[in-house]
Amino acid sequence: MTRESLVDRHLGFVQALREAGLPVSLAEGLDAAGALTLIDLADRNTLREAYAATLVKRPSYRPGFDVLFDLWFPPVVSGSYGTGAGERPDGGIDLEHAEIPDLRDRLADLLMGDPDDPAFREFARAMVERFGRVQASAGRQSWFSFAVLRALSPETLTARLLDRMLAERGGLPEKIARQQISRNIARFQEEVATDVRRRIAEESGIEKIARSTVKPPIDRIDFLRVTKAELAQLRREVYPLARRLATRLTMRNRLGRRGRLDFRRTVRASLSTGGVPLTTRLRPKRPHKPELVVLCDASDSVSTFSHFTLLLTFALREQFTKVRAFAFVDAVDEITTMFAPGADVIDAITRMAQDADITRFGRTDYGNVFERFAERYADAVGPKTSLLILGDARSNYQAPALDTLKRLAGRARHAYWLNPEPRAQWDTGDSVATGYGSVVPMYECRNVAQLAEFIETLD
């Protein structure tokens, strides 16, 4: 590979990481380029780890990184190795013409061994070469993993492998044996998928397959597009954010007002200056946790966002002295008791959807919500309260009740609005984002990363 082609490939790889949602700065890209001058570029594993050490910040970013690395720096290219004709070094069989039972026997042998064995990956590539090309739409052909896995059915080998492993490795617990077999089968499936992606990239272009294959890391997925499975992963992201949010708000409270004069300490300090109180001493403020009121839009248009914010509310209950939570669509109702400590948060969300009195006509009406909240729950907001509003500010062309919101925000110590829509969509259609943002500071909050950035701005 020439110097020019290596530079181009490095730049393309770094740009692909950014497009996939991995935060890679210019300085980090330069660090990675510098690392390449210190390693043996022919050692692919060292090259992978050099890139990972300089570009990957969190474990959750590593799966996407590995997929892109395999696309931009593939272990082989088509035509650079034998594809199965004649005798093979990995098993001594003709992989191109062998019968399916013989291939399954060979796969079983490999699954009993070390998945890092080069023969393991070579077999997967040979199977993709033999079974992976399938007739697609409009008479075109493409590569697919399912065709390989359907032909070899590795999952159906579990019972045979389990009996063999328990017989050969006396004393091995069955549970551990099953876990090892499952890991090796999953590894084979991933090797097949990796080679399929490589072949498609060779035919269609790396950029195209990268955009369609690599999912953004969990903290970069838009709340409005998150799936139920991803919500479960987000639960692990919630608690650290709740602690940081509580810390930031507490710091702002402590820095907002100075303590009262400590007369005794001031007099004592003045003895060194002849009784002249040149330095005043203040009583330290008694540490306390602020109170929090959360208003959460629970309409269908932001349902996944509301699920995440309710997870956040649940976590915040452990960090604040007093948390009151309210959900709304076109009416508002308190849901604090549904998120009591010890309750299952998913059950609480389901219960809220069934029992909370938050819907009259089913269309979001922020103006009516603020009016009803001021009438029924005005005592919830006071000088110790941080008010957090979570919603897209789309009010279906109803009166926005800006004056009512201004009175509520004026009673609170702090007020913030998190909007899950991209800023470019604010004030389009029925959005009242700028109007509400003129009363309560509004922040774009489409994913966990932006929520973390918002929390950092409170410092």
Side-chain angles (χ1 to χ4, degrees), residues 44-45 66-67 70-71 73-170 172-204 209 212-213:
R44 185 168 176 269
N45 288 333
D66 284 332
V67 170
D70 289 334
L71 288 174
F73 302 94
V76 295
V77 294
S78 295
S80 65
Y81 64 98
T83 59
E87 292 295 312
R88 302 282 301 200
D90 55 350
I93 63 174
D94 183 350
L95 297 181
E96 184 177 1
H97 301 100
E99 298 292 333
I100 295 294
D102 295 332
L103 295 176
R104 282 169 53 82
D105 290 342
R106 176 58 183 155
L107 176 58
D109 292 338
L110 293 170
L111 292 174
M112 287 288 294
D114 183 1
D116 291 326
D117 186 344
F120 191 91
R121 293 188 291 272
E122 184 71 8
F123 181 81
R125 295 173 194 149
M127 294 302 96
V128 172
E129 176 72 22
R130 177 167 174 180
F131 299 110
R133 184 176 286 276
V134 177
Q135 191 78 17
S137 59
R140 296 179 300 174
Q141 291 186 333
S142 189
W143 300 93
F144 295 93
S145 298
F146 82 88
V148 180
L149 302 178
R150 181 180 59 188
L152 297 178
S153 301
E155 296 91 346
T156 63
L157 296 172
T158 301
R160 184 206 303 186
L161 294 172
L162 182 61
D163 291 341
R164 181 174 165 184
M165 187 172 292
L166 294 176
E168 294 179 0
R169 306 176 190 179
L172 182 67
E174 181 177 337
K175 180 179 180 181
I176 295 178
R178 286 186 179 275
Q179 291 174 345
Q180 182 176 335
I181 293 169
S182 298
R183 285 195 299 268
N184 287 357
I185 290 176
R187 180 69 176 272
F188 175 73
Q189 293 169 338
E190 179 54 34
E191 291 291 348
V192 169
T194 298
D195 198 58
V196 165
R197 287 193 294 265
R198 176 187 65 81
R199 293 170 185 271
I200 296 176
E202 288 179 351
E203 296 181 358
S204 304
I209 185 63
S212 62
T213 300

I need the minimum non-hydrogen distance between Pro115 and Arg121, along with the two atoms involved. O-NH1, 4.2 Å
Quick one: do Glu202 and Arg198 make a salt bridge, cutoff under 4.0 Å? yes
d(Ile176 CD1, Ile181 CD1) to nearest 0.5 Å is 12.0 Å
Looking at Arg106 and Asp102, does any basic side-chain N land under 4.0 Å from a carboxylate oxygen? no
Could you check whether Asp114 pairs with Arg187 (Lys NZ or Arg NE/NH1/NH2 to Asp/Glu carboxylate O, under 4.0 Å)? no
Say you draw a straight line from CZ of Arg178 to CG of Leu166; how long is it, rounded to the nearest 0.5 Å? 8.5 Å
Here the gap from Asp66 atom CG to Glu190 atom CD, rounded to the nearest 0.5 Å, amounts to 9.0 Å
Given 3.5 Å as the limit, does a donor-acceptor pair link the side chain of Ser204 with the main chain of Ala201, or not? no
Within a strict 4.5 Å, meaning less than it, do heavy atoms of the Phe120 and Leu111 side chains meet? yes
Over all heavy atoms of both residues, which pair between Leu162 and Ala177 is shortest? Give the atoms and the distance, please. CD1-CB, 3.7 Å
Do Asp105 and Glu99 have side chains that approach each other closer than 4.5 Å (heavy atoms only, starting at C-beta)? no
Is any side-chain heavy atom of Gln189 less than 4.5 Å from a side-chain heavy atom of Glu155? yes
Residues Ala124 and Glu191: closest non-hydrogen pair is CB-CB, 3.8 Å
Distance check, rounded to the nearest 0.5 Å: Phe144 atom CZ versus Leu149 atom CG? 13.0 Å
Minimal non-hydrogen separation, Ser145 against Ala193, with atom names: OG-CA, 3.4 Å
Evaluate the ring planes of Phe188 and Phe123, with Trp represented by its six-membered ring, and classify them as parallel (under 30°), tilted (30 to 60°) or perpendicular (over 60°). tilted
Residue pair Leu107, Met127: steps toward the side chain to side chain contact (heavy atoms under 4.5 Å, CB included) verdict: CA-CA 10 Å; Leu107 176 58; Met127 294 302 96; over 6 Å; no
Sub-4.5 Å side-chain heavy-atom contact between Glu203 and Ser142: no
Donor-acceptor pair, distance only, cut-off 3.5 Å: does the side chain of Arg44 make one with the backbone of Phe73? yes
Does Arg197 form a side chain to side chain contact (heavy atoms under 4.5 Å, CB included) with Leu71? I'd like the steps, not just the answer. CA-CA 7 Å; Arg197 287 193 294 265; Leu71 288 174; 3.9 Å; yes
At what distance, to the nearest 0.5 angstrom, does CZ of Arg199 lie from CD of Glu129? 4.5 Å
Taking side chain as C-beta onward, heavy atoms only, is Leu103 less than 4.5 Å from Arg130? yes
Residues two or more places apart in sequence or in another chain: which of them pass salt bridge (charged side-chain N to carboxylate O under 4.0 Å, His left out) with Arg169? none
Less than 4.5 Å apart, side chain to side chain, heavy atoms only: is that true for Ile100 and Phe131? yes
Within the supplied structure, the quantity of interest is the number of heavy atoms (other residues, nucleotides, ligands) at a distance under 6.0 Å from Glu168 CD; does it exceed 12? yes
Going from CG on Asp117 to CG on Leu110, what distance comes out if it is rounded to the nearest 0.5 angstrom? 7.0 Å
